[in-house]
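In what follows, a structure is listed as structure tokens, so that the remarks can point back to it.
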Amino acid sequence: MEAYQTQNRFLNSEIHQVTKIWRKVAEKERTLLMKCAYLQAKNCQVESKYLAGLRRLQEAMGNQGSECAELLRQLIQEALQWEASEASADNVELSPISEYDEYGFQTVPSYEVEDLKLLAKIQALEVHSHHLLAHEAMERPLRERWAALGELAPSVELKQLLRMGVSREHRPRVWRWLIHRRVQHLQAPGRYQELLSRSQTCKHPAARQIELDLNRTFTNNKHFTCPTSSFPDKLRRVLLAFSWQNPSIGYCQGLNRLAAIALLVLGEEESAFWCLVAIVETIMPADYYSKTLTASQVDQRVLQDLLSEKLPRLMAHLGQLRVDLSFITFNWFLVVFADSLISNILFQVWDAFLYEGTKPIQGLPPWCVCSPSGDNLPWPPIPFLSPHLAPGGVPLCPGHFQVHRGGDPEVTGQPRDLPVPALLHQDHFQQPEADEHRLQRHEPLSYETAAAVASGPPGAAGGGAAGAGAVQGRVLGDSGSPGPGGARGLHQ
Amino acid sequence: MAKQYDVLFRLLLIGDSGVGKTCLLCRFTDNEFHSSHISTIGVDFKMKTIEVDGIKVRIQIWDTAGQERYQTITKQYYRRAQGIFLVYDISSERSYQHIMKWVSDVDEYAPEGVQKILIGNKADEEQKRQVGREQGQQLAKEYGMDFYETSACTNLNIKESFTRLTELVLQAHRKELDGVRTRASKELALAELEEDESRPEGPVNSSKTCWC
């Protein structure tokens with residue numbers, strides 16, 4: 001007996017020792033991983049700077065067919081193939097830039113044009129390095145705050161946490177709660193199934209367009225392009241059900257993107273359906289997706305007026321390029337930036353959007369058009385390059401929101417067929433006016449400013465929605481707390 | 001800085017949803033083809049500079065959303081275009097039938113003298129064909145348009161049709177362009193001459209027109 005007890009004691013102490021060692025090792029491993037992530041991030045930054053350097057050099061050289069140009073071309077080729085060779089040489093899985101991100105979006109869009117490829121790669125590297133650094137620095141404190149939060153209930157703390165973005169593991173649960181909060185007055189048991197069966201027995205006129213758009217939804221996301229994926233079928237049912245939930249809207253191109261984002265996060269179609277209802281019927285202004293798209297058009301006018309006042313040089317520049325701002329901005333609000341933001345930022349924006357309503361997205365446009373120059377930003381330094389657009393899609397291909405640090409503003413060396421990038425040149429902000437300063441620091445525009453801009457006489461803009469001026473007052477005059485049935489104006 | 005182009009103008013792609021407007025455009029400007037593009041929302045655009053008859057022409061091509069409700073938006077752009085592609089899909093009778101509606105919209109909203117061209121796209125999908133080649137030709141003749149069957153997929157008649165419409169626009173603006181060759185230092189923006197007394201943005205500094 002005593003022998004057993006002694007043995008037991010011995011074994012217990014052994015276990016204790018082993019656990020201690022194990023803990024130490026785990027601790028060490030974590031430190032090493034952190035170091036590794038840090039170094040990797042640094043490496044990504046260096047690599048991205050190198051690529052940017054190569055690019056500038058290429059621009060500076062122009063078309064001189066010298067030996068140097070040839071050498072440069074080779075270096076760029078090599079740099080683009082880096083990833084492949086690195087992966088094969090490295091047995092240790094660090095956290096390389098994978099082809100798809102955690103929600104299935106392509107991380108580096110597949111451009112055929114080399115110039116764009118390079119820009120896309122630079123962007124992917126910068127985003128990756130930011131992600132690695134942010135992950136290490138933010139993860140633990142955030143996790144603790146989420147744990148401390150306990151049950152979900154509206155609070156300032158929750159608002160702040162949502163603005164910082166929900167982690168992937170919590171996001172589905174949090175979104176379900178956010179959506180339920182908005183649509184509970186509309187949700188009846190069996191409602192979704194009822195709508196589904198109605199859509200099967202009676203074909204909504206919108207069904208044709210829905211079918212056409214199924215394969216044209218996020219063509220850069222593996223969940224929507226893989227032939228065996230169940231997502232397109234789910235998307236079809238969600239959109240068909242919605243066409244009966246709101247027959248006056250039926251289906252508006254763009255709703256496919258909203259439903260698809262919801263599906264990517266929530267996975268299951270009924271929740272995605274209610275997410276779509278929450279956005280269209282409780283968050284966005286009425287008439288945003290209607291047959292006339294009136295509210296969307298009004299917002300374009302408001303945005304244009306706002307930017308004309310706040311960023312006059314930018315707008316003048318666009319005018320000189322004869323580029324209509326709405327080419328680029330029209331879908332921003334309509335699809336809640338689903339086409340314009342890289343996914344990690346997009347989902348973060350949506351976290352806040354689903355809780356607070358349109359307020360968080362109102363501050364985005366100035367941010368999109370004047371890419372920030374500082375490095376100490378909460379978000380990656382080249383924020384609004386979307387890999388979501390179909391390859392080759394222009395408005396958001398890499399050059400568009402590229403930040404150019406320094407250099408000659410006249411010769412931007414952008415691909416010749418892309419006129420827009422130049423407008424974001426740093427030069428535009430070298431002597432910023434006070435407001436531009438503020439925009440660069442990403443301070444949201446005050447309501448007063450927005451209202452002041454809008455209350456002015458509507459400019460003689462081309463086309464413009466009929467009676468926009470009158471409706472503007474309504475949209476802008478709206479104020480109050482966001483929430484179901486509450487303020488629905490985009491410019492609260 | 002060397003002169004980048006002699007003249008700038010705008011072409012517009014219209015037609016039913018899914019007939020391949022974006023595919024045509026990508027094939028022409030980037031020589032790329034992807035069978036599924038994300039559907040266009042509102043209006044999108046691309047630029048390309050081509051040389052026709054020794055004139056460097058910079059064309060801004062507007063790609064529009066086909067869904068009916070977006071037409072309230074896209075129609076606003078008609079009057080600022082110098083040339084218009086009316087596109088249907090040879091595998092969709094419906095899209096062909098709708099050309100009539102598109103033409104009447106153009107008549108209503110586009111400026112007098114806008115150049116039009118009819119395109120039957122997806123010519124590679126012979127086995128799904130619902131609209132005969134001669135039907136396309138007939139319709140084009142009725143409206144006094146040139147006609148091309150194209151395929152963005154196999155790159156059939158893409159360059160030809162874009163170049164043709166460019167030529168037509170150039171011909172239509174022969175008078176304004178006569179000066180271009182002699183005034184070699186100045187480029188001409190047809191777009192600027194034609195459109196907008198009511199440009200959205202206030203006065204634009206016209207002494208500096210080249211930003212490429």
Side-chain angles (χ1 to χ4, degrees), chain A residues 111-113 209 212-213 215-220 225 251-254 256-257 289-294 296-297 300 304 308 315-327 330-331 334-335 339 388-395 410-411 416-419 422 459-465, chain B residues 1 4 8 10 16-18 22 25-27 29-49 58 60 62-63 65-70 72-73 75-77 79-80 94 189 191-192 195-206 208-212:
Chain A
Y111 292 104
E112 310 237 331
V113 189
Q209 187 68 53
L212 263 176
D213 282 356
N215 290 327
R216 304 197 296 165
T217 304
F218 294 138
T219 46
N220 60 340
T225 49
Y251 171 70
C252 171
Q253 287 193 303
N256 57 333
R257 269 93 137 173
Y289 305 93
S290 68
K291 297 242 152 69
T292 52
L293 300 164
T294 317
S296 293
Q297 298 194 56
Q300 285 308 300
Q304 188 145 4
S308 300
M315 296 302 280
H317 184 58
L318 272 176
Q320 277 173 323
L321 291 169
R322 300 183 193 90
V323 169
D324 196 317
L325 182 75
S326 60
F327 289 162
F330 186 75
N331 64 13
L334 196 88
V335 300
D339 285 348
H388 290 188
L389 262 213
V394 154
E410 292 294 319
V411 191
R416 286 288 170 234
D417 290 333
L418 295 172
Chain B
M1 203 172 6
Q4 297 295 329
L8 172 113
R10 293 162 172 156
D16 277 10
S17 184
T22 308
L25 183 54
C26 285
R27 175 58 93 179
T29 56
D30 306 330
N31 201 19
E32 282 184 9
F33 177 76
H34 303 277
S35 56
S36 54
H37 272 281
I38 196 157
S39 48
T40 309
I41 285 184
V43 182
D44 194 355
F45 80 102
K46 280 179 182 282
M47 306 265 271
K48 192 171 169 98
T49 307
R58 184 149 175 88
Q60 197 180 75
W62 295 346
D63 183 17
Q67 195 188 16
E68 204 173 338
R69 72 187 63 188
Y70 283 97
T72 51
I73 290 159
K75 274 175 193 163
Q76 296 165 17
Y77 295 94
R79 69 187 175 84
R80 290 153 68 192
R94 186 191 156 97
E192 204 169 60
E195 71 166 305
D196 43 36
E197 312 72 64
S198 60
R199 198 193 246 323
E201 278 343 288
V204 166
N205 178 7
S206 58
K208 197 172 178 195
T209 41
C210 181
W211 274 85
C212 337

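Here the structure is a predicted model, which means the values were calculated and not measured. Quick note on labels: first sequence line is chain A, next is B, and so on, each numbered from 1.
Among A:T225, A:N256, A:L212, A:V335, the residue with the largest count of heavy-atom pairs under 4.5 Å with chain B is A:L212. No other option in B:T22, B:I73, B:T72, B:D63 has as many heavy-atom pairs under 4.5 Å with chain A as B:I73.
The shortest heavy-atom contact between B:R69 and A:S290 is CD-O, 3.6 Å. Across all their heavy atoms, A:S326 and B:Y77 have their closest contact at OG-OH, 2.6 Å.
One finds the CG atom of A:D213 at 4.0 Å from the OG atom of B:S39 (value rounded to the nearest 0.5 Å). We find the CD1-CG distance between B:I41 and A:L334 to be 5.5 Å, quoted to the nearest 0.5 Å.
Of the N and O atoms on the side chains of B:Q76 and A:Q297, at least one donor lies less than 3.5 Å from an acceptor on the other residue. Under 3.5 Å, the side chains of A:R216 and B:S17 contain a donor-acceptor pair of N or O atoms.
Residues A:F218 and B:I38 are in side-chain contact: their nearest non-hydrogen atoms beyond the backbone lie under 4.5 Å apart.
Side chain of B:Q67 to main chain of A:Q253: a donor-acceptor pair is present (N/O by atom type, distance under 3.5 Å, no hydrogens or angles).
Looking at B:Y70, both its backbone and its side chain come within 4.5 Å of chain A, counting heavy atoms on both sides. For B:R27, no part lies under 4.5 angstrom from a heavy atom of chain A. Heavy atoms closer than 4.5 Å to chain B are found nowhere in A:S296, neither backbone nor side chain.
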